[in-house]
Amino acid sequence: MASHDAHAHGHHEDHHHHEEHFISKYIFSQDHKMIGKQFLMTAVFMGLVAMMLSILFRIQLAWPGESSDFLSFFLGEQWAPNGVLKEDMYLGLVTIHGTIMVFFLLTGGLSGTFSNILIPLQLGARDMASGFLNMLSYWLFALSSIIMLISLFVESGPAMAGWTVYPPLSALPQAVSGSGLGMTLWLVSMTIFIASSLIGSLNYIVTIINLRTQGMTMTRMPLTIWAFFVTAILGVLSFPVLLSAALLLTMDRLMGTSFYLSDIIVGGEMLTNHGGSPILYQHLFWFLGHPEVYIVLLPALGLSSEIIATNSRKPIFGYKAMIGSILAIGFLSFIVWGHHMFVTGMNPFLGSVFVFTTLLIAIPSAVKVFNYLTTLWKGSLVLTPAMLFAIGLVSTFITGGVTGIILADSALDIMLHDTYFVVAHFHIVMGMSAVFGMFAGVYHWFPKMFGRMLNTRLGYAHFWVTLIGAYGVFFPMHFVGLAGAPRRYYDYSAYSEFDNNSFELMVDLNEIITTFAIIAAVGQVLFLFNFFYSIFRGPKAPQNPWNSTTLEWTTPVEHIHGNWPGELPTVHRWPYDYSKPGASQDYITQITPLEDGEEEH
């Protein structure tokens, strides 16, 4: 350890003397703080694109078949003739919206931003284990984002098989216009994204295991770092499976193989493919797809653990139980993927096994919820915007988790599968929770990232508009789903199966949902203005604005290469010494030595 410190210190001295050029500082930076900000900016842009796409297809769902100048302005005559969205482009918008949100905003944006900024700072490291691989991880992410955006402008349209790109729709270019070049670009983009994710995850794991400062044992790490650690392990184990699924799909598309195709008739013509199974693709996809839910959720839960403890002025309740629940969620997430496939004709006994494991994962999730609530209970709450978003995350995690228990039961899921009930469930538990965690993290660590403070009033307005808007969108969706509305349908009036009453209900609810979606989208303008204005004009931040105990608040406000001037800090205590009896202040930083007779937690 000492030799590492000496080496890092010498390395840091070398960097102090040369001026960095614009390109090496802002573009091809190897400094984890700058790379984290690059991930954040890219993810915010991608998130805006995805939000815009969702507004476009929500307009079609609320007012099917009606002309809209908004649609014709954004999509032109090719995809919205006379202002009416075309059926296949509707599928394209849904597909790219889902892909960007799940992978580019909530995986790349959340893990990429906060793992990069916080892992070295909270562990007392000079930087990541490999600055070059870290830079490579970002630029592969940026490249994959650009390719995904380019696919929107292809003449035959973007991928149109849903964000899960199930074959045979995604495997046969003749099946739908978007299964041509758009689908190929989707696969190329995702392949590069997976490479970026793997490089980043390996870097995070190595840094956490090897580069902790003196005294920083595993049980003195903040819960944020535990969450990033398990998230990175999940990514390393599950993303290669998605890569194999994508490669086999590419071979089916380009090389005439039949991994996923068998006995298919298109336009009256029998295809020669024989012997494959689209169910194989589902197994491969959901073996990533379910750990992916927790790759998205765990960083958000880790960030909110830190924020709730800091702003309750109390130690986090059940620190070791929280670590245990993170590990349990990580393990169980690999043995529940079958609950996405109850209607694939799976053996009912196997289905019952997946029901059991899925219900089991509710236990560590509930442990986290109860520990958050117990930390908040009788705390001296400081309701910063970050704290409100963290509490909002607890709310959405409960609301979405309850419907998860319903969908985990195969008997109920068979009725609700592929309806809007499922859409409502995962948008609340995964989408809203992760987005709220991301906003909480941005509001809380903005002073560390940019050395300035965000405007609190705009933060409060942003929180309430986002909370009310998002619940207004996703809560009514449960009822649309219970009424029997399948997801990804372009227009329900074409189907005589729905009786008039439930059809009227659906149309009315869809108008309400779209109205709330537009309100929530406009509310994000508050955040964007606050964010970009404060980077340049916000009040200068003090070193430790939230009176926090962790190591990142012991570094200078001005970013320096190597994070700490002089020696690396030595850690003497766990990260949650808030309101300790007998202490002179209501927080004790991790670098404060224990006093005589004082017991560590």
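In this text, all values refer to a predicted model and were calculated from it rather than measured experimentally.
At most 12 heavy atoms of other shown residues, nucleotides or ligands fall within 6.0 angstrom of atom CZ in Phe45. Heavy-atom neighbours of Asp69 CG from other residues, nucleotides or ligands within 6.0 Å: at or below the threshold of 12. Other residues, nucleotides and ligands place more than 12 heavy atoms under 6.0 Å from the OH atom of Tyr460. By the 6.0 Å contact criterion, CD on Gln78 is enclosed, its count of non-hydrogen atoms from other residues, nucleotides or ligands being greater than 12. Enclosure of atom CE in Met52 by more than 12 non-hydrogen atoms of other residues, nucleotides or ligands within 6.0 angstrom is indicated. The environment of CD in Glu155 is sparse: at most 12 heavy-atom neighbours from other residues, nucleotides or ligands sit within 6.0 Å.
When all heavy atoms of Ile96 and Ser151 are compared, the pair lying nearest together is CD1-OG, 4.0 Å. The shortest heavy-atom contact between Ile147 and Val188 is CD1-CG1, 4.0 Å. Pairing each heavy atom of His478 with each of Phe474, the nearest pair is ND1-O, 3.5 Å. Nearest heavy-atom pair across Ile428 and Gly400 is CG2-N, 3.5 Å. Nearest heavy-atom pair, Thr396 versus Met432, reported as atom, atom and distance to 0.1 Å: CG2-CE, 3.4 Å. The nearest pair of heavy atoms linking Ser144 to Phe104 is OG-CE2, 3.3 Å.
Residues passing the salt bridge (Lys or Arg N to Asp or Glu O under 4.0 Å) test with Arg487, sequence neighbours excluded: Asp418. Under the side chain to side chain donor-acceptor pair (under 3.5 Å) criterion, Arg253 pairs with Thr184, not counting sequence neighbours. Under the side chain to side chain donor-acceptor pair (under 3.5 Å) criterion, Ser177 pairs with Asp88, not counting sequence neighbours.
When ring centroids are compared, Phe57 and His97 come within the 6.0 Å threshold. Taking the six-membered ring for Trp and the full ring otherwise, the centers of His444 and Phe389 sit at least 6.0 Å from each other. Here the two rings, on Phe354 and Trp337, have centers that are under 6.0 Å apart.
Note that the CD1 atom of Ile518 and the CD1 atom of Ile513 stand 12.5 Å from one another [nearest 0.5 Å]. Expressed to the nearest 0.5 Å, how far CG of Leu152 lies from CH2 of Trp79 amounts to 11.0 Å.
When Phe527, Tyr533, Phe529 are each tested for a ring-ring contact (aromatic ring centres under 6.0 Å, His included) with Phe531, only one passes: Phe527.
Side-chain contact check for Tyr443 and Thr456: no donor-acceptor pair (N or O, by modelled atom type) lies under 3.5 Å.
Contact of the Ile295 side chain with the Ser238 side chain is registered, since non-hydrogen atoms from C-beta on lie closer than 4.5 Å.
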